[in-house]
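Below, chain A is the first sequence line, B the second, and so on; all start at residue 1.
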Amino acid sequence: MSVLTLHPDQLFNLDETLSCGQVFRWDRTMDGWWYGIVGGHVIKIRQDKNRLTFTGVPASFIRRYFSLDMNIAEILASIDSDPFIHACIRRHRGLRLVRQPPWECTVSYICSTNSNIPTIRRRIASLAERYGRPVAFEGKRWYAFPEPSSISCGGHDGLTECRLGYRQSYVFGTSCLVPDEKIWEKTVRKLSYDCAHKELMGLHGVGSKAADCILLFAFQKYDAFPVDVWIRRIMQEHYLPDLTLDAPLTPREYAMIRRFAREHFGEYCGWAQEYLYAGRVG
DNA sequence: GACCAGGAAGAGT
DNA sequence: ACTCTTCATGGT
């Protein structure tokens, strides 16, 4: 077991961070331990006030994955633009955006469309179990998230048992478009927000919202502001009363909401989005 | 059984 | 560039 002691003003809440809906492969036990698998490493971690106790990866990995190197007091101050977001920040203080592996994140959000979090989690777990490399940890078998070639080499029909529904062909098609996940990641990382967004939209099953999630959670484009049905409702209720909720979200409405969020919350509006989402009811 | 879920693609206009 | 329809699955 390793221990990492947080600085007194180093704001971090492990529970908020892992249960807010940004990640799909972490589980909490009754006695407060979190288990997850990231980049092929099984991680076991818990937080007791300022003390993080963990095993599976070095401290440098933990620091990077949980963005502990970022001064979130400054970020929270910058997005704290009104009473509502202020209340969200206070309620979920210490929530940090993590740095997800981009390929896994991409497939996760392809699998997320028109779905809910428990179902998404089951799909990702199913993909890993079917195609991922097994990893032994505490006498149990875990599965790394598979590379694109591992998914595509089984053929389109190999995916059927993962029960992705109509997303099956999207996952297969996108896996074929990304021969090497490391090269792909490097390419996207060099791009500006706009270019990266267009690039991601070129993948099967990745639209505007999924692209924004991938940019925010995996590429640290903190000005991305994903708009899903929850965020749309929250924005209508608290910021944009003229929005209508009865019709499907159009590309124009999406762009308008995103533009408003950037102006209102600033360059870290993606962090604001996650604090708003964390406070959703339902 | 209707309705909803961290939407997107394709066809038609 | 817009609108409408369809898409497969699981939960409530």
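Judged by distance alone, with hydrogens and angles left aside, A:Tyr254 brings no side-chain donor or acceptor close enough to the base of B:dG7 to form a pair under 3.5 Å.
Nearest-nucleotide assignment on DNA chain C puts the 5′-proximal partner with A:Pro248, out of A:Thr119 and A:Pro248. The residue among A:Ala211 and A:Arg233 whose nearest nucleotide of DNA chain B lies closer to the 5′ end is A:Arg233.
As rounded to whole Å, 5 Å separates atom P of B:dG7 from atom NZ of A:Lys209. Straight-line distance from the CD1 atom of A:Ile120 to the P atom of C:dG11: 13 Å, rounded to whole Å. In this structure, the CZ atom of A:Arg163 is 18 Å from the P atom of C:dC7, given to the nearest Å. Distance, A:Tyr109 OH to B:dA8 C1': 16 Å, rounded to whole Å.
Between C:dA8 and B:dA11, the distance separating the two P atoms is 16 Å to the nearest Å. Nucleotides C:dG10 and B:dA9, compared at atom P, are 22 Å apart to the nearest Å.
Among the heavy atoms of the strands lying under 4.0 Å from A:Tyr277 is at least one base atom, whether or not backbone atoms are also near. As judged by a 4.0 angstrom heavy-atom cut-off over every strand, A:Leu203 is placed among residues touching the sugar-phosphate backbone only. Residue A:Val206 is classed as a sugar-phosphate contact, given heavy-atom separations below 4.0 Å to backbone atoms only. At a threshold of 4.0 angstrom between heavy atoms, the contacts of A:Glu253 with the nucleic acid are absent. Among the atoms of the strands shown, base atoms are found under 4.0 Å from some heavy atom of A:Ser115. Base engagement by A:Gln22 is indicated by at least one non-hydrogen atom pair under 4.0 Å involving a base atom. Within 4.0 Å (heavy atoms only), A:Gly21 reaches at least one base atom of the nucleic acid.
The side-chain tip of A:Arg262 points at the ring of A:Tyr193 from less than 6.0 angstrom away and within 45° of straight on.
Closest to the side chain of A:Thr250, out of B:dA5, C:dT3, C:dC7, is C:dT3.
Formation of a donor-acceptor pair under 3.5 Å by the A:Gln10 side chain with backbone atoms of A:Leu68 is found in this model. The backbone N or O of A:Pro241 sits less than 3.5 Å from a side-chain atom of A:Gln236, completing a donor-acceptor pair.
Taking only side-chain nitrogens and oxygens, A:Arg167 never comes nearer than 4.0 Å to OP1 or OP2 of C:dT9. Residue A:Arg252 has a polar side-chain atom (N or O) positioned under 4.0 Å from OP1 or OP2 of C:dC2. Close to C:dA8, at under 4.0 Å from its OP1 or OP2, lies no side-chain N or O of A:Arg123.
Using a 4.0 Å cut-off between charged side-chain N and carboxylate O, A:Arg46 and A:Asp48 make a salt bridge. Under a 4.0 Å N-O distance rule, the pair A:Lys44/A:Glu138 qualifies as a salt bridge.
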